[in-house]
Amino acid sequence: MSVTADMSFPRVGDGSFIEPSDRFHQEELQLALRNHAVPLEALRYDVTPPGLHYTLIHYDIPAVDVPAWRLTIGGAVHRQLTLSLEDLRRRPQTTLRVTLECAGDGRALSRPRPISQPWLLGAVGTADWTGTSLSAILRESQVASGAREVLFTGLDEGFEGGQRQWYERSLPLDEAMRDDVILAWAMNGAPVAPQHGFPLRLIAPGWYGMAHVKWLRSIRLLDHEFTGYQQSTAYRYASTREAVGEPVTLMRVRSVMIPPGIPDFLTRTRVVQRGPVQLSGRAWSGRSAIRGVAVSLDGGTSWEDAEVVPQSGPHQWQSWRYDWSAVPGSYQLCCRATDATGNAQPVEQFWTARGMGNNLVQRIPVIVV
Ligand SMILES: Nc1nc2c(c(=O)[nH]1)N[C@H]1C(S)=C(S)[C@@H](COP(=O)(O)O)O[C@H]1N2
Ligand SMILES: [Mo]
């Protein structure tokens, strides 16, 4: 395959001519180097291989002294519990395959761009999480009748929005009592790695990542609404940073395509050999199966249906594929998922002041040679 300059693709092999039109701040780069996305080609694996699952860490990975570590369950309960990691591991265990996505996925594609962790696409991963049922532990602690929410607090501390805080989030009591909510100590058969929440994290399938509190230290039953920073300020859909808006909860419907062909090193523009090409990717939505994925070769002007593989589990992404007979030319490939409740990805950005839930359709520039 040869690529020449007259193929309306001047940047292949030499990015030195790119004019940086939309500069990122050094603070965004700093966050991007700490918190990585999954390389999109790794969407080919049903379970994201070790080290490729995205990570998002607001502050620092805390140091944990396992012999001294305890999980406490308190607040509006009749029986406080203090559990060691061994106590937890002796309880009945279950393994769930769960797709996790950060609510900020797609943030850096928003115009204007909210300044935070600058995700483009790929703040997502699927893992097998092993742990024990949260509801069984809550029942043992004899939840008081006035309890409304369950607050999960991590061992990591930092400043955000000018406030010193522990990373903590709550779930409504009925959500915390669901059968599929677990306290997990293993990921893909190995102890949860430091960056993913060692020694214990919450897994609440269907919710965006921020609810799955890592490095758990305490669980408290509340008889009131939790109004901490991560609940009432950070993870909101709002039109200004000051507005209260709506809480961010379950994952919005999204599909992602594995970029076909081979990339240009710098621009990541794809070069595809003419002929049959199988386009494929993944699609997911908080608590709904995917009903369809449509593919566009012309930037969203016309759409055709892809084949969607049925769900093999209630909490994991689905595969889709589309057979393309590629003819030389320039293309913009897009994919657009619709879930079983009828929610579809928007073709225009879903803009919010903090860049939450921007599930607009992906666009991949491709040159067929
Ligand atoms: N204690 C604690 N839990 C946390 C976070 C954090 O910074 N501290 N980040 C949250 C966010 S925003 C996301 S998207 C997920 C990321 O989980 P992962 O790094 O294992 O993919 O963890 C969540 N749990
Ligand atoms: Mo996140």
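Both counts, for ligands and for their atoms, begin at 1 and track the order of listing. Quantities reported herein were computed from a predicted structural model and do not represent experimental measurements. Throughout, numbering of the chain's residues begins at 1 and tracks the sequence. Computed over heavy atoms, backbone and side chain alike; hydrogens, waters and symmetry mates excluded.
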Revision key, fill the gap. When distances are taken from atom 11 (C) of ligand 1, the protein heavy atom at minimum range is M210 CA, 3.7 Å

Review point. In terms of side-chain geometry, is the basic nitrogen of D339 or R254 positioned less than 4.0 Å from the acidic oxygen of its partner?
Key: no

Review point. For R201, is the nearest heavy atom under 4.0 Å from an atom of ligand 1?
Key: yes

Exercise for review: Write out the residue and atom name of the closest protein heavy atom to atom 2 (C) of ligand 1, then the distance separating them to 0.1 Å.
Suggested key: Y167 CD2, 3.2 Å

Exercise for review: Within a distance under 4.0 Å of any heavy atom of T55, pick out the atoms of ligand 1 and give their elements.
Suggested key: 19 (O), 21 (O)

Exercise for review: Can you sort out which atoms of ligand 1 are near I57, meaning under 4.0 Å from one of its heavy atoms?
Suggested key: 7 (O)

Point to revise | Shortest protein contact, atom 9 (N) of ligand 1 (heavy atom only) | key: L56 O, 3.3 Å

Exercise for review: State if Y208 counts as touching ligand 1 under the rule of any non-hydrogen atom under 4.0 Å.
Suggested key: no

Check your understanding: Is there side-chain contact between V248 and T352, with heavy atoms separated by less than 4.5 Å?
Key -> no

Review point. In terms of residue, atom name and distance, what is the protein heavy atom nearest to atom 15 (C) of ligand 1?
Key: G209 O, 3.5 Å

Review point. Are V143 and V181 connected in a single hydrophobic cluster, I mean Ile/Leu/Val/Met/Phe/Trp/Tyr linked by side-chain heavy atoms less than 4.5 Å apart?
Key: yes

Practice item. Using the six-membered ring of F24, assess whether NZ or CZ of R113 lies under 6.0 Å from its centre and within 45 degrees of the ring axis. Key: yes

Check your understanding: Mind checking whether H58 and Y235 have parallel, tilted or perpendicular rings, split at 30° and 60°?
Key -> tilted

Point to revise | Protein residue, atom and distance nearest to atom 21 (O) of ligand 1, heavy-atom basis | key: Y54 O, 2.8 Å

Exercise for review: Would you mind reporting whether T126 and R97 have side-chain heavy atoms less than 4.5 Å apart?
Suggested key: yes

Practice item. Run the numbers for me: atoms of ligand 1, each under 4.0 Å from some heavy atom of V213, listed by number. Key: 1 (N), 3 (N), 24 (N)

**Study point:** Per-residue contact class, D156 against ligand 1 - non-hydrogen pairs under 4.0 Å
**Key:** side chain

Exercise for review: Pull out every atom of ligand 1 sitting under 4.0 Å from any heavy atom of Y235, numbered as shown with elements.
Suggested key: 12 (S)

Practice item. Output the list of atoms in ligand 1 that are nearer than 4.0 Å to some heavy atom of H53, sorted by atom number. Key: 21 (O)

**Study point:** Nearest-option assignment for atom 18 (P) of ligand 1, heavy atoms, candidates E160, K214, H36
**Key:** K214

Practice item. Provide, to 0.1 Å, the distance between atom 7 (O) of ligand 1 and the closest protein heavy atom, together with that atom's residue and name. Key: H58 N, 2.8 Å

Review point. For ligand 1, which atoms, with element, lie under 4.0 Å from some heavy atom of C102?
Key: 14 (S)

Check your understanding: For the atom pair NE2 (H315) and OG1 (T99), what is the distance rounded to the nearest 0.5 Å?
Key -> 10.0 Å

Check your understanding: For the residue pair W284 and W317, does the interplanar ring angle fall in the parallel (under 30°), tilted (30 to 60°) or perpendicular (over 60°) class?
Key -> tilted

**Study point:** Note, Q318 side chain near V309 side chain (heavy atom, < 4.5 Å)
**Key:** no

Exercise for review: Distance to 0.1 Å, residue and atom name: give those for the protein heavy atom nearest to atom 24 (N) of ligand 1.
Suggested key: H212 O, 3.1 Å

Review point. Under a 4.5 Å cut-off applied to non-hydrogen side-chain atoms, are Q117 and I57 in contact?
Key: no

Review point. Hey, does H196 come in under 3.5 Å of ligand 1, counting only N/O atoms on both sides?
Key: yes

Check your understanding: Is a donor on one side and an acceptor on the other found under 3.5 Å between the side chain of D156 and the backbone of P62?
Key -> no

